[in-house]
Every structure is written in C-alpha cells, then in structure tokens.
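Heads up, the thing below is written out as structure tokens.
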Amino acid sequence: MGKKLNQAFYEQPTLMLAKQLLGTLLVHESDEGTTIGRIVETEAYLGIEDQAAHSFGGRRTKRTEIMFGAPGVVYTYVMHTHCLFNIVSNRENVPEAVLIRAIEPVQGEDLMVKRRGAERQGRVLTNGPGKLTKAMGITMAHYGQTLNEGSLYVIEGDLPSDISVGKRIGIDNSGDARDYPYRFWETGNSYVSK
DNA sequence: GGCCGGATACCG
DNA sequence: GGTATCCGGCCA
C-alpha cells in the first residue's frame, strides 16, 4: 500500500495539485467497511480571481471559510441532493481547492454498489462528483476534517500515463472563467464523467 | 433532449 | 423568503 500524502503535497499551487492528485488513491475506512478509489478526474478552483470559485473576489462566508484555512482539509458541500468533495489546496489565506470529479473503484466495490444501488454498476458507479461521494460514503460530516488524521485520506498510487486538459463542467454562469482549462483527467479512463 | 428534486446558504 | 447552485436520475 502506498504511503499517505503529507501536508507538503497539498500545500502547492492548485493547478499542480489538481494534476498530481490524478492516480492517487482515496481511502475511506467506515463502519461498513473500507472503500478505495483511484482519482481519475479533478477540477481546480482558483479562489480570488476565479469567478467559478465559491471564494471569488475573496468572498468569505460560513461555507467558504474553510477554503482560507490550511491545505489538505476536506471541503464538502451539498448541491441539490448530492454532496461534493473538494480538497483545500495551496497555503493558508489563499482560498483555493480541488474538486474530485471521478474515481475508479479499487477496493470495496461491493460496498460502493450497496451504497449506490444494485442497478448502478460499472462505469456509472463513480463517474461523477456526486456519484463518487455516495459510493465512498463521504458526507457533510467530513467537512473541515484534515485528510490523514481521520478515516478519510489519500495515499500514493500509480501515476496516469497521459493527462488530458479541458474546460470545467457545470459553471456556465461564470463569465470568462467558464472556458478556463482547469479540468484534468486520465486520458482514456472510462470512469471519467460525461 | 429536458425537467425537477431537495439542501444549503447567500442576499435582499 | 426568494433564488442560485462545482448534479443525477428519469422521462422522452
């Protein structure tokens, strides 16, 4: 098993972190069992100057407060019926984060299927930000938790052989930021969203 | 393709 | 209290 990513790993420029998270393994040890997913798609949200980020313009609220804090902390939030999982990046007072958009099941796939429902198997099991949180059992209870100190953490994995870059998804109402190439995925991986 | 569910939380 | 949202499932 690879070793846990440390604080220094998370404390780097967000675009770099978004790329370097590809291929790493997201682990959640829960009461129901352990699930592990290989991260295959991410998006960077660059704080102050990124209109698509919750912290755009330095907006500091109860929800976004966590983005201003230490890197390597979990930022979850609920959208409609789904919980989305982000990792705070860069250094303190730089409100940036990486959204995890897709994983490939590595361990505990049976448990993922149980959480998602028997009819959601194969690539649709985890090929989207709301899907993977449900499969992994990630909830708002993880908000503010430091990765590596709890039951949810990331360890080293096999790096992707090739990385693709493109526009982010679901941010059409964000002006010029809509077209920024801040989405990264492992080329050819079938668990990538869309 | 379109619609709408249902949870925050922000803003007036 | 109205409205927008870093989505997903279901209908077509």
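Letters A, B, ... are given to chains in the order of the sequence lines, protein chains preceding strands, and every chain is numbered from 1.
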I need the [X] [atom1] to [Y] [atom2] distance, nearest 0.5 Å.
{"X": "A/T24", "Y": "A/L5", "atom1": "OG1", "atom2": "CG", "value": "5.5 Å"}
{"X": "A/R183", "Y": "A/E43", "atom1": "CZ", "atom2": "CD", "value": "6.5 Å"}
{"X": "A/Q20", "Y": "A/F9", "atom1": "CD", "atom2": "CZ", "value": "5.0 Å"}

Check each of A/Q107, A/E109, A/E29, A/R115 against A/T35 using the side chain to side chain contact (heavy atoms under 4.5 Å, CB included) test, and report the only one that passes.
A/R115
What string of B, S and - do you get for nucleotides 5-12 of chain B, 5' to 3', when a contact is any protein heavy atom under 4.0 Å?
BBBSSSS-
A/R63 to A/Y143 six-membered ring, cation-pi geometry met (6.0 Å, 45°):
no
Using atom types as modelled and distance alone, determine if a side-chain donor or acceptor of [X] lies under 3.5 Å from a backbone N or O of [Y].
{"X": "A/R178", "Y": "A/I169", "result": "no"}
{"X": "A/T42", "Y": "A/V98", "result": "no"}
{"X": "A/R168", "Y": "A/A44", "result": "yes"}
{"X": "A/N86", "Y": "A/Y75", "result": "yes"}
{"X": "A/R101", "Y": "A/E41", "result": "no"}

What is the 5' to 3' range of DNA chain C, first to last nucleotide, that sits under 4.0 Å from any heavy atom of chain A?
C/dT5 to C/dC10
Check DNA chain B against residues 84-115 of chain A and give the residues with a non-hydrogen atom under 4.0 Å, in numerical order.
none
Ring-ring centroid check A/H54 A/Y77, cutoff 6.0 Å:
yes
First of A/Y75 and A/E119 reached from the 5' end of DNA chain C, by closest nucleotide:
A/Y75
Pairwise 5' ranking along DNA chain C for A/N127 and A/N173, keeping only the more 5' one
A/N173
Here the residues of residues 187-194 of chain A within 4.0 Å heavy-atom distance, strictly under, of DNA chain C are none
Looking at residues 38-57 of chain A, who's got a heavy atom less than 4.0 Å off DNA chain C?
A/Y45, A/A52, A/H54
Can you tell me if A/D176 has over 12 outside heavy atoms packed within less than 6.0 Å of its CG?
no
Looking at A/D158, I want to see if its CG is surrounded by more than 12 non-hydrogen atoms of other residues, nucleotides or ligands under 6.0 Å.
no
When you compare C/dT3 with B/dC4, how far apart are their C1' atoms, in angstrom units rounded to a whole number?
15 Å
Do the side-chain N and O atoms of A/S55 and A/T64 include a donor-acceptor pair separated by under 3.5 angstrom?
no
Do A/Y191 and A/I103 come close enough that some side-chain heavy atom pair is under 4.5 Å?
no
Side-chain heavy-atom pair A/Q7, A/P71 within 4.5 angstrom cut-off:
yes
Under 4.0 Å between any heavy atoms, over every strand shown, what does A/R183 touch: base, sugar-phosphate, or nothing? Just pick one.
nothing
With a 4.0 Å cut-off on heavy atoms, is A/R178 in touch with a base, just the backbone sugar-phosphate, or nothing at all?
nothing
Dot-bracket for DNA chain C, 5' to 3', Watson-Crick and G-U pairs with both distances under 3.5 Å, [ ] for crossing pairs, | for partner on another strand, reads |||||.|||||.
Could you check A/Y153 against A/H28 for ring pair (Phe, Tyr, Trp, His ring centres under 6.0 Å), going step by step and ending with a plain yes or no?
CA-CA 7 Å; A/Y153 52 94; A/H28 185 206; 9.2 Å; no
One thing to verify: whether A/R91 and A/E11 come together as a salt bridge, which I'm taking to mean a side-chain N less than 4.0 angstrom from a carboxylate O.
no
